[in-house]
Amino acid sequence: MDDNWDDEDTLAPESKSARKRQMLALQNLGEQLVNLSATQLARLDLNNEVLQEAVELAQRIKHRSGKRRQMQYIGKLMRNTDADRIAESLHALHEGSRQEKAREHMIEAARNALISRGDDALTEVIDLWPNADRQLLRQLSRSAADEQHKQLPPTSARKLFRYLRSLSEAESDA
């Protein structure tokens with residue numbers, strides 16, 4: 001008996017269930033592509049024109065069975081692409097989106113603190129954005145609080161939010 005078995009001989013062929021799980025994973029990745037907006041899809045740079053057209057067509061299909069067939073076709077096309085690269089690009093896109101939402105929430109919280117607590121919150125905001133114009137922040141927060149008290153449209157609150165966002169963007173660019 002030969003003790004030197006070749007590794008290729010000992011490996012069992014991939015099971016049908018494993019192949020099916022792999023195909024469903026590719027189809028799921030394709031579904032994630034279909035759920036993206038046109039700008040997000042353009043940012044991904046799929047490098048596969050046929051796949052891109054199939055995804056865009058699937059986004060337009062409304063009929064349930066037609067969409068299901070198109071999704072299966074996208075899953076089939078995904079077999080011939082670098083699915084790992086697409087998955088990484090999707091992850092990076094979603095992570096950037098999460099960071100952007102977190103930044104917007106932080107700006108919103110700073111604006112709300114300035115409106116509700118006034119000058120008490122001013123030092124906290126200045127700590128966050130040292131380049132901020134203290135006088136402008138004070139003026140905008142006071143007029144936003146007045147608008148809120150008089151139940152007027154939140155014009156100053158919007159201006160304050162835009163100013164805080166510009167400070168945040170300037171900080172992230174630096």
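Within the 4.5 Å cutoff, side-chain heavy atoms of Leu137 are placed close to those of Leu164. Inter-residue side-chain proximity for Met78 and Gln27 is flagged as unmet; no heavy-atom pair is nearer than 4.5 Å. Side-chain contact between Glu171 and Leu167: absent, with no pair of heavy atoms (C-beta onward) separated by less than 4.5 Å. Residues Lys20 and Met23 form no side-chain contact, since every pair of their non-hydrogen atoms from C-beta on lies 4.5 Å or further apart.
Hydrophobic cluster membership of Leu57, counting Ile, Leu, Val, Met, Phe, Trp and Tyr whose side-chain heavy atoms lie under 4.5 Å apart directly or via other members: Ile61.
To the nearest 0.5 Å, atom CD of residue Gln40 and atom CG of residue Leu90 are 9.0 Å apart. Distance check, rounded to the nearest 0.5 Å: OG of Ser37 to CG of Leu93 gives 8.0 Å. Rounded to the nearest 0.5 Å, atoms CG (Leu33) and CG (Leu44) are 6.5 Å apart. Atom CD1 of residue Ile107 and atom CZ of residue Arg162 lie 13.0 Å apart, to the nearest 0.5 angstrom. Distance CG/Leu160 to CG/Leu136: 8.0 Å, rounded to 0.5 Å. Separating the OG atom in Ser141 from the CD atom in Gln148 is a distance of 11.5 Å, to the nearest 0.5 Å.
Here the side chain of Gln59 pairs a donor or acceptor atom with the backbone of Leu36 at under 3.5 angstrom. In this structure a side-chain-to-backbone donor-acceptor pair under 3.5 Å is present from Asn35 to Glu31.
Every residue two or more places apart in sequence or in another chain that forms a side-chain contact (heavy atoms from CB on, under 4.5 Å) with Ser166 is listed here: Tyr163. His63 pairs by the side-chain hydrogen bond (donor to acceptor under 3.5 Å, both in side chains) definition with Ser65, not counting sequence neighbours. The side-chain hydrogen bond (donor to acceptor under 3.5 Å, both in side chains) test applied to Glu49 returns no partner, not counting sequence neighbours. Residues satisfying the side-chain contact (heavy atoms from CB on, under 4.5 Å) criterion with Glu104, sequence neighbours excluded, are Glu100, Phe161, Arg165. With sequence neighbours left out, Asp146 forms a side-chain contact (heavy atoms from CB on, under 4.5 Å) with no residue at all. Partners of Glu147 according to the side-chain hydrogen bond (donor to acceptor under 3.5 Å, both in side chains) rule, which considers only residues two or more places apart in sequence or in another chain, are Ser156. Qualifying side-chain contact (heavy atoms from CB on, under 4.5 Å) partners for Ala38, counting only residues two or more places apart in sequence or in other chains: none. With sequence neighbours excluded, no residue satisfies side-chain hydrogen bond (donor to acceptor under 3.5 Å, both in side chains) with Ser17.
Contacts classified as salt bridge (charged side-chain N to carboxylate O under 4.0 Å, His left out) and involving residues 55-79 (residues at least two apart or in different chains) are not found. Here side-chain hydrogen bond (donor to acceptor under 3.5 Å, both in side chains) pairs that include residues 125-135, with residues two or more places apart or in two chains, number zero.
The environment of Glu95 atom CD is dense: over 12 non-hydrogen atoms of other residues, nucleotides or ligands sit within 6.0 angstrom. In the displayed structure, His94 atom NE2 is contacted under 6.0 Å by more than 12 heavy atoms of other residues, nucleotides or ligands.
Across all non-hydrogen atoms, the minimal contact from Gln70 to Ala58 is CG-CB, 3.5 Å.
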Just list the side-chain donor-acceptor pairs under 3.5 Å for residues 109-126, sequence neighbours left out, or say none.
| unit_1 | atom_1 | unit_2 | atom_2 | d |
| --- | --- | --- | --- | --- |
| Asn112 | ND2 | Glu108 | O | 3.3 |
| Ser116 | OG | Asn112 | O | 2.9 |
| Arg117 | NH2 | Glu124 | OE1 | 3.0 |
| Arg117 | NH2 | Glu124 | OE2 | 2.6 |
| Asp119 | OD1 | Arg138 | NE | 3.2 |
| Asp119 | OD2 | Arg142 | NH2 | 2.9 |

